[in-house]
Each structure stands twice: as structure tokens, then as C-alpha cells.
2 protein chains.
Amino acid sequence: MNINEAIDLLKEKGYKTTGKRKEILAYFEKADGYRTAKDLIQFMESRYKGISFDTVYRNLHLYNKVGILETTELNGEKQFRMNCTHHHHHHFICNDCGKTKKIEVCPMDEVQNTLAEYAIEGHKFEIYGLCPVCQSA
Amino acid sequence: MNINEAIDLLKEKGYKTTGKRKEILAYFEKADGYRTAKDLIQFMESRYKGISFDTVYRNLHLYNKVGILETTELNGEKQFRMNCTHHHHHHFICNDCGKTKKIEVCPMDEVQNTLAEYAIEGHKFEIYGLCPVCQSA
DNA sequence: TTGTAAATAAGAATGGTTCCTATTTGCGGA
DNA sequence: TCCGCAAATAGGAACCATTCTTATTTACAA
């Protein structure tokens, strides 16, 4: 998902396009990995001094709801990244820089039959560590 | 891991055996699934009125450190359960009652070679949903 | 039995997130 | 182009899980 797709999606669903919303999208497009609300607040502060937490959190949730951002949780903090739509996959997540690498393997196929009587509502498969760049740093 | 193994492990590592510590172990042995600190505090309150948060959190961390409890994070809240030692595996977790079912499949074998240049530090594979009991309830 | 380090109580403090109310702003319709 | 109104935002209080601090109590080794 890129900025223009995201803005179109917002318009389509009847949400207003504001400067702050565009800036948030630009931030995540450039980030290319998971970022915390705090990271975003810090960035937004530099553009709009006095921006309120609420604006940031409200938009993060909105973006997550409409499918612009996907989310995970690390060390008690929610993390957000641009949603890579298209097909189901998982991620390696760098503990240092938050960048991700697609993992095409999904273990759910193998597991389904062992959970026949269970109502599956979701699953999570994530790998944590250091990416090549952060290892050499 | 059962209560006696856990108590032995604590003694072995030089930690004191207190009534509260035994009670916490009894709670998790009976629970047979993930529980939050709040769940435990509520239970402990009924036995020791005025027990402090700190006692509960300190012991949860201690138990996690020495390997008596394992932990995960759901909806911004840490969850704890008795550690099923022995061999590496993952869990289905019931969103309703917190009970777990072992999943013997581990996707890491398949994934290793696609992450050759990455330093893997950990991974998480969990399946969420409703167990048979909670579906019919 | 006693000394001492470990464990605990009580509640303040912290950090992330959500809520509340008044004000401002985007944008469709006149 | 301008206006009205619903949506968005600012500012800060409130909330919740968790951690920290200090004084007191307790387990247990000697």
C-alpha cells in the first residue's frame, strides 16, 4: 500500500483528508517497518508542534481499521507498519531498527487438522532478531 | 512442572519458600492455561487480604526467570502459565478461558535457510480461538 | 534462638493509551 | 465563493498495567 492508495481508500470510506493524515502516511511509507506511536508522535512534533496524542492514536486506529496499517505488540507497546496487502504472509522483525522481511511460510496448513474441534480466530507467527545491517552496526 | 518440582527448584537456587509463593504455584497448577497478573491478584486477595501488587509481580517475574512460568502478551497484558518443560512446542490459546493446547508443529525448521544472513533471537507462533468447551458455552 | 538477607506492604510513580470537552477545519451544498 | 455542519483536533485529565521506593516483617542458616 502506498500513500495514494491509502488516501483514496480514506476518501472512499468518507474520511477527511488532512495534512496530518497525509504526514502520517508519508512517515510510514518511508519507515518500511514497525514503528511505535511514540516514534510517530516524535516525528509529528517536529512538523506540527503541540500535536495531541489523541490525534496520533486516533489515526493509527483508524488506519488499522481500514487496513492501511497492520499492527503487532512488542514489550507492551503497539507497533504499526504499512499493510502489505495482496497475500497472506508473516514477518521477520528486526529488534533494532524495526524493519521487516517477508516470510512466505505459513504453518497453519499443517496445523488445521490437529485443531478440528477448535474454532480458530487468528494466529501469529513472528521471528525476532537482527537484520544484516544492524548486525554489522 | 508441578508444585513440588517448582519448590525444589526455588530452594536449589536459594530462594525462600513462603506461603504466598506456594499459593501462587497452586493457583497456576490448577489454572492449566494462561492467566493475567490481575487474575492472580484477585485470587490472592481472597487468601491474603491486602497483598501488594508488588509481591505478585515480583514473584511472577522470578518464576519466569527461573523457568517455572512461561509468558506471552495478549491485548497489552502479560499472561502467565506453568511451564511445560521437556521439548520445544507452541500453543493454541483459548480467547475465552485461556486454556492451551500443544501444537507440535514448529515452522522454524522450514524458515531457517531463507534467513541465512539474519541473526535469529526468538520467534513466536500462537493460534487463537475458542476451545471446544467455550464454543458450546 | 538470633542475626541478617530476603520478602513483603503500602502506595506513589511511570509509561502507554484512552477519554472528555471545547475549538478548529475539511468539504459538500447553496 | 461562501456557509454550515459533521468530522477532526488540542489540551490535558483519566485510566490501567506495571514498576519503584521505603519501611517493616519474615524465613532460615548458624
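In the text below, chain A, chain B and the rest are named by the order of the sequence lines, each starting its count at 1. These numbers were taken from a predicted model, which means no experiment stands behind them. Scope of the values below: all heavy atoms of this structure, side chains included, with no hydrogens, waters or symmetry mates.
- For A:Lys13 and D:dA6, the NZ to C1' distance is 20 Å, given to the nearest whole Å.
- Note: A:Tyr57 and A:His61 have tilted aromatic rings, judged against thresholds of 30 and 60 degrees for the angle between ring planes.
- Residue whose closest nucleotide on DNA chain D sits further toward the 5' end, between A:Phe53 and B:Ile41: A:Phe53.
- Checking C:dT17, C:dA9, D:dG11 against the side-chain heavy atoms of B:Thr55 singles out C:dA9 as nearest.
- In this entry the distance linking CE of B:Met44 with P of C:dT8 reads 9 Å, nearest Å.
- Distance A:Tyr57 OH to D:dA10 P: 15 Å, rounded to the nearest Å.
- The phosphate of D:dT19 has OP1 or OP2 within less than 4.0 Å of a side-chain N or O from B:His61.
- Looking at the side chain of A:Glu77, the nearest of the listed nucleotides C:dT8, C:dT17, C:dA12 is C:dT17.
- Using a 4.0 Å heavy-atom distance criterion, B:Asp54 is classed as a base contact.
- Rounded to an integer number of Å, the gap from NZ of B:Lys49 to P of C:dA10 is 9 Å.
- Counting only distance, with no hydrogens or angles, the side chain of B:Asp39 and the backbone of B:Thr36 share a donor-acceptor pair below 3.5 Å.
- B:Asp39 has its CG atom 10 Å from the P atom of D:dA17, to the nearest Å.
- Between A:Leu74 and A:Glu126, some side-chain heavy-atom pair lies under the 4.5 Å cut-off.
- Taking the six-membered ring where the residue is Trp, A:His88 and A:His90 present perpendicular rings, their angle passing 60° and hence far from 30°.
- A straight line from CD of B:Glu73 to C1' of D:dT18 spans 11 Å, rounded to a whole angstrom.
- Contact check, A:Lys20 against D:dA10: a side-chain N or O comes under 4.0 Å of OP1 or OP2.
- Between A:Gln42 atom CD and C:dG15 atom C1' the separation is 15 Å, expressed in whole Å.
- If you check D:dA17, C:dA7, D:dT9 against the side chain of A:Arg21, the one that comes closest is D:dT9.
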When you compare the protein's N or O atoms with those of nucleotides 27-30 of chain C, which come within less than 3.5 Å of each other, and at what distance?
unit_1 : atom_1 : unit_2  : atom_2 : d
C:dC27 : OP1    : A:Thr17 : N      : 2.8

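- Minimum heavy-atom separation, A:Lys22 to A:Thr17: CE-CG2, 3.4 Å.
- Rounding to whole angstrom units, CG of residue A:Asn75 and P of C:dG16 are separated by 11 Å.
- Formation of a donor-acceptor pair under 3.5 Å by the B:Asn83 side chain with backbone atoms of B:Gly67 is found in this model.
- Looking only at distances, a side-chain donor or acceptor of A:Glu70 sits under 3.5 Å from a matching main-chain atom of A:Cys84.
- When heavy atoms are screened at a 4.0 angstrom cut-off, A:Arg58 is found touching base atoms of the nucleic acid.
- Note on B:Asn59: a side-chain N or O is less than 4.0 Å away from OP1 or OP2 of C:dT8.
- Counting only heavy atoms from C-beta on, B:Lys78 has its side chain closest to D:dT19 among D:dT19, C:dA7, D:dA8.
- When side chains are defined from C-beta on, A:Leu40 does not count as touching A:Arg35, because their heavy atoms never get closer than 4.5 Å.
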